[in-house]
Amino acid sequence: MPKVTLTDGSVREYPEGARVADIAYELGGRLKKDATAAKVNNVVRDLSAVLPGEAEVRFLLFDDDEGAEVYRHTSSHILAQAVKRLFADVKLGIGPAIKDGYYYDFDYSESFVPSDLEKIEAEMAKIIKEDLPLERFELSREEAASYFEKLGEGYKVELVRDLPADAVISCYRCGDFVDLCAGPHLPSTGKVKVVKLLNLAGAYWRGSEKNPMLQRIYGTSFPKRALLDEYLHRLEEAKKRDHRKLGRELDLFSIQEEGPGFPLLHPRGMVIRNGLEAYWREEHRQAGYEEIKTPIILNRVLWERSGHWAHYKENMYFTRIEEQDFAVKPMNCPGAMLLFKTKMHSYRDLPIRMAELGLVHRHELSGALHGLMRVRAFTQDDAHIFMLPSQIKDEVARVIELTDRMYHLFGFEYHVELSTKPEKAMGSAEMWEIATAALRDVLEERKITYLVNAGDGAFYGPKIDFHLKDSIGRTWQCGTIQLDFQMPEKFDLNYVGEDGQKHRPAVIHRVIYGSIERFMAVLIEHFAGAFPVWLSPQQVAVLPITEKFHQYAKDVAARLWAAGVRVEADLRNEKVGYKIREAQLQKVPYMLVVGEKEEAAGTVAVRERTSGEAGTMKIEEFIAKIKLDIQEKRR
RNA sequence: GCUGGUGUGGCUCAAAGGCAGAGCAGCGGUAUCGUAAACCGCAGGUUGCGAGUUCAAUUCUCGCCACCAGCUCCA
């Protein structure tokens with residue numbers, strides 16, 4: 001008799017052959033109605049699964065991530081079923097649940113058009129209404145292969161063939177529709193309440209550009225209409241903080257047709273960039289870095305030596321100078337290596353931390369460009385740390401600390417990834433193992449949670465990456481720490497050790513902002529354009545009520561300007577409400593309204609961007625207040 | 001680069017083979033006003049670029065470019 005332990009610790013017994021759903025049914029209430037699946041001995045299972053002899057059971061609801069995944073996964077099957085009903089000769093790819101929804105890939109001779117989505121959505125609604133049960137059954141590899149072969153589902157046959165030898169091959173039947181699927185699923189299609197198809201895109205079969213491109217339909221689903229509406233509303237709100245939109249509205253930058261991927265920074269954007277650079281220089285000065293600058297164009301010979309010619313050529317731009325080949329730098333490291341080699345180094349000098357705000361150019365595929373997030377010319381806040389092998393862990397830890405400190409100032413949350421050896425790599429497997437282990441050790445010693453991103457390292461070494469989120473939750477790699485034993489070898493770098501002999505230093509390549517352009521994009525979205533005072537392109541707007549007070553407004557502005565505040569007086573012939581609206585939309589942190597009373601008393605009526613009217617104060621009082629905001633970089 | 005979509009004044013959007021329009025912004029005036037849009041007027045366009053079909057193309061067809069979403073790739 002199955003013995004079941006529930007999350008509250010209670011233990012119950014059920015007859016042989018009892019199913020998970022029987023427990024939910026007995027418990028009643030919300031579980032009976034809303035459970036999507038259950039974790040049985042920590043494995044997510046169908047509600048229709050038969051209970052084993054002993055089981056710890058935890059029911060999953062839509063509110064649990066794993067519960068929602070089951071819900072969305074079943075939704076994707078409904079999508080596939082609907083498409084099969086409407087377009088008979090469609091071949092199926094795969095259809096997983098993803099964050100906030102699901103997708104399904106189809107191979108179809110014609111292109112789906114947006115209006116097809118409505119038809120498919122209507123058919124999905126029908127399938128939901130039919131409340132078809134989803135039934136699991138298992139097949140042997142041969143049975144499954146020939147089954148999908150007969151159906152003409154070539155992609156499914158491929159999947160079956162590639163499943164690991166010990167895999168249980170399961171399918172789910174749902175009315176007239178059968179799909180290869182590990183599950184689990186909701187008990188029936190009627191459990192899905194609201195579905196919405198969102199967009200249409202191409203996607204390569206199994207993610208390889210060598211394979212045919214399938215048509216991917218993205219959708220989402222929710223147990224309540226209100227939840228869908230809330231989600232769609234959230235998407236709308238996120239679009240409002242898109243850095244490309246804010247960049248235009250706040251006059252920060254532009255990208256023109258004449259220079260795809262080559263952004264123009266406007267004066268207001270430049271203020272932010274300068275602020276970021278000044279802060280960066282101060283932090284690096286304190287962290288023991290020196291600053292250098294290396295050329296943008298260097299001879300081909302250098303790039304052959306560094307390995308870029310062999311490993312990175314497709315991403316580089318080239319030019320010829322007096323019959324010789326030169327390349328525009330895609331990375332700053334070779335220049336830094338040259339600089340290191342300009343003199344002898346003693347072990348006593350190490351570590352040497354050379355920082356460089358280096359402008360690099362990389363050829364990115366046109367389809368990959370994305371505002372300031374993904375461009376073809378960008379400035380890396382680079383640094384190369386030359387060190388003794390014994391200093392590696394300590395230096396990696398210091399960089400992690402500095403990164404955390406700087407991200408913290410902006411209030412960023414981030415996640416960390418460890419990227420390992422790629423296919424196209426230099427150096428021995430052993431070297432890679434040592435380098436990767438060093439990075440992993442530091443992460444583990446510091447108890448930092450991280451994902452492993454297998455095969456995503458640089459061609460010269462493994463790396464730790466820091467990812468930040470954009471307005472709609474996509475993550476972008478910003479900071480990275482790369483450990484490198486290759487460049488020192490290629491460039492024959494050395495230092496003189498205690499023993500008077502030459503030794504090979506190790507090198508860390510690292511960035512914290514990553515690219516200043518990308519970091520600015522993330523920053524714009526993070527603050528929705530309302531930057532902290534120290535970064536705001538315009539910190540104060542002085543707003544005279546009528547022309548009579550223009551002179552006083554100019555005087556106030558002049559005093560603030562002299563105190564180092566970025567201030568503008570709005571002397572246009574408009575009502576104060578109009579000027580406030582404008583300053584508010586431009587996200588100016590402080591507005592100073594001045595009229596008769598203020599002029600008479602030498603004061604300003606302060607209005608704050610976020611909290612509105614903040615009372616009247618003496619000019620010098622306001623100056624002290626805003627200077628404190630700036631000095632302390634208050635958010 | 002690939003798949004699909006989009007491209008009309010600085011911005012947001014109308015017009016669907018037959019004279020290219022509105023709001024905001026800009027410019028000129030009037031009102032001199034107290035915390036998120038005063039009023040009147042003026043100007044602004046080879047409809048992304050190039051071919052083709054047609055008596056006639058912003059509209060239909062083809063090619064190119066750019067942008068958007070996703071895939072691939074990456075800071």
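Across B:A22 and B:G17, the matching C1' atoms stand 23 Å from one another, rounded to whole Å. Comparing the same atom, P, in B:C24 and in B:G41 gives a spacing of 12 Å after rounding to whole Å. Rounded to whole Å, the separation between the P atoms of B:A20 and B:A25 comes to 27 Å. Distance check on atom P: B:G21 versus B:G26 gives 23 Å, rounded to whole Å. Here the separation of B:U58 from B:C49, taken at their C1' atoms, is 14 Å to the nearest Å. For the C1' atoms, the distance linking B:A75 with B:U46 amounts to 41 Å, nearest Å. The same atom, C1', is picked in B:C13 and in B:U32; the two are 35 Å apart, to the nearest Å. Look at the P atom in both B:U47 and B:C19: the space between them is 14 Å, to the nearest Å.
The residue among A:Arg581 and A:Glu257 whose nearest nucleotide of RNA chain B is located toward the 5' end is A:Arg581. Mapping A:Val576 and A:Phe112 onto RNA chain B via the closest heavy atom, the residue that lands nearer the 5' end is A:Phe112.
For A:Ser111, whose side chain is taken as the heavy atoms from C-beta onward, the closest listed nucleotide among B:U35, B:U3, B:C71 is B:U3. Across B:C33, B:C68, B:C71, the shortest atom-to-atom separation from the side chain of A:Ile545 is found for B:C33. Of the listed nucleotides (B:A69, B:A36, B:U12), B:U12 has the atom at the smallest distance from the side chain of A:Arg248.
No more than 12 heavy atoms of other residues, nucleotides or ligands sit less than 6.0 Å from atom CD of A:Glu413. The local environment of NZ in A:Lys84 is crowded, with over 12 non-hydrogen atoms from other residues, nucleotides or ligands closer than 6.0 Å.
Nucleotide B:U46: unpaired (no Watson-Crick or G-U wobble partner with both distances less than 3.5 Å). Pair check for B:U6 finds B:A66; Watson-Crick or G-U wobble, both atom distances under 3.5 Å. Nucleotide B:C60 forms a Watson-Crick or G-U wobble pair with B:G52, both donor-acceptor distances falling under 3.5 Å. Under the Watson-Crick or G-U wobble criterion, with both distances below 3.5 Å, B:C39 is paired with B:G29. Base pairing of B:A22: its partner is B:U12, meeting the Watson-Crick or G-U wobble criterion (both donor-acceptor distances under 3.5 Å). Under the Watson-Crick or G-U wobble criterion, with both distances below 3.5 Å, B:C71 is paired with B:G1.
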Distances for protein N/O vs nucleotides 72-75 of chain B N/O pairs under 3.5 angstrom?
| from | atom 1 | to | atom 2 | distance (Å) |
| --- | --- | --- | --- | --- |
| B:U72 | O2' | A:Glu209 | OE2 | 3.2 |
| B:C73 | O2 | A:Arg374 | NH1 | 3.0 |
| B:C73 | O2 | A:Arg374 | NH2 | 2.2 |
| B:C73 | N3 | A:Arg374 | NH1 | 2.9 |
| B:C74 | O2 | A:Arg518 | NH2 | 3.3 |
| B:A75 | OP2 | A:Lys463 | NZ | 2.8 |
| B:A75 | OP2 | A:Gln477 | OE1 | 3.2 |
| B:A75 | O3' | A:Gln477 | O | 2.8 |
| B:A75 | O3' | A:Gln477 | NE2 | 2.7 |
| B:A75 | O3' | A:Cys478 | O | 3.2 |
| B:A75 | O2' | A:Gln477 | O | 2.5 |
| B:A75 | O2' | A:Arg518 | NH1 | 3.1 |
| B:A75 | N6 | A:Glu364 | OE2 | 3.4 |
| B:A75 | N6 | A:Val375 | O | 2.7 |
| B:A75 | N1 | A:Val375 | N | 3.3 |
| B:A75 | N3 | A:Ser515 | OG | 3.4 |

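Using cut-offs of 30° and 60° on the angle between ring planes, the pair A:Tyr513 and A:Phe519 is tilted. The aromatic rings of A:His311 and A:Phe459 sit parallel, their planes meeting at an angle under 30°, below the 60° perpendicular limit. Taking the six-membered ring for Trp and thresholds of 30 and 60 degrees, A:Phe87 and A:Phe112 have ring planes more than 60 degrees apart, a perpendicular arrangement. Ring geometry, A:Phe466 versus A:Tyr407: the interplanar angle exceeds 60°, so the pair is classed perpendicular (tilted spans 30 to 60°).
Regarding A:Tyr103, its OH atom lies at a distance of 11 Å from the C1' atom of B:G70, rounded to whole Å. Taking atom CG of residue A:Leu198 and atom C1' of nucleotide B:G4, one finds them 15 Å apart after rounding to whole Å. A straight line from CD of A:Glu574 to C1' of B:C24 spans 12 Å, rounded to a whole angstrom. If you measure from atom CD1 of A:Ile255 to atom P of B:C65, you get 18 Å, rounded to the nearest angstrom. The NE2 atom of A:His550 sits 14 Å away from the C1' atom of B:G34 (whole-angstrom rounding). The CG-C1' distance, from A:Leu117 to B:G5, rounds to 11 Å in whole Å. As rounded to whole Å, 12 Å separates atom P of B:G34 from atom NZ of A:Lys579. Distance, A:Lys240 NZ to B:C11 C1': 17 Å, rounded to whole Å.
At a cut-off of 3.5 angstrom, the base of B:U3 holds no donor-acceptor pair with the side chain of A:Gln215.
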Between A:Gln482 and A:Arg510, does the side-chain hydrogen bond (donor to acceptor under 3.5 Å, both in side chains) criterion hold? Intermediate values first, please. CA-CA 6 Å; A:Gln482 311 179 344; A:Arg510 48 107 281 182; over 6 Å; no

Begin with the C-alpha distance, continue with both residues' side-chain angles, and end with the deciding distance and a verdict on ring-ring contact (aromatic ring centres under 6.0 Å, His included) for A:Phe410 and A:Phe527. CA-CA 9 Å; A:Phe410 302 99; A:Phe527 289 118; 7.0 Å; no

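Applying the 4.0 Å criterion to OP1 and OP2 of B:C2, one finds that A:Arg216 has every side-chain N and O outside that range. The side chain of A:Tyr578 places no N or O atom within less than 4.0 Å of a non-bridging phosphate oxygen (OP1 or OP2) of B:G34. An OP1 or OP2 oxygen of B:C33 is reached within less than 4.0 angstrom by a side-chain nitrogen or oxygen of A:Lys548.
Looking at heavy-atom distances under 4.0 Å, A:Tyr218 makes contact with sugar-phosphate atoms alone, never a base. Across all strands shown, A:Glu258 has no heavy atoms under 4.0 Å from either base or sugar-phosphate atoms. Base engagement by A:Ser366 is indicated by at least one non-hydrogen atom pair under 4.0 Å involving a base atom.
Glycosidic conformation of B:A16 is syn; the angle stays within 90° of 0.
Judged by distance alone, the side chains of A:Tyr155 and A:Asp105 never bring a donor and an acceptor atom under 3.5 Å apart.
Cation-pi geometry between A:Arg72 and A:Phe222 is met: the NZ or CZ atom falls under 6.0 Å from the ring centre, inside 45° of the normal.
Residues A:Glu249 and A:Lys245 are paired through a salt bridge, judged by an N-O separation under 4.0 Å between the basic side chain and the carboxylate.
A donor-acceptor contact shorter than 3.5 Å is absent between the side chain of A:Arg518 and the backbone of A:Cys478. Put simply, the side chain of A:Arg609 gets close to the backbone of A:Lys587: a donor and an acceptor are under 3.5 Å apart.
Residues of residues 595-610 of chain A having a heavy atom closer than 4.0 Å to RNA chain B, listed by number: A:Gly595, A:Glu596, A:Lys597, A:Glu598, A:Ala605, A:Arg607.
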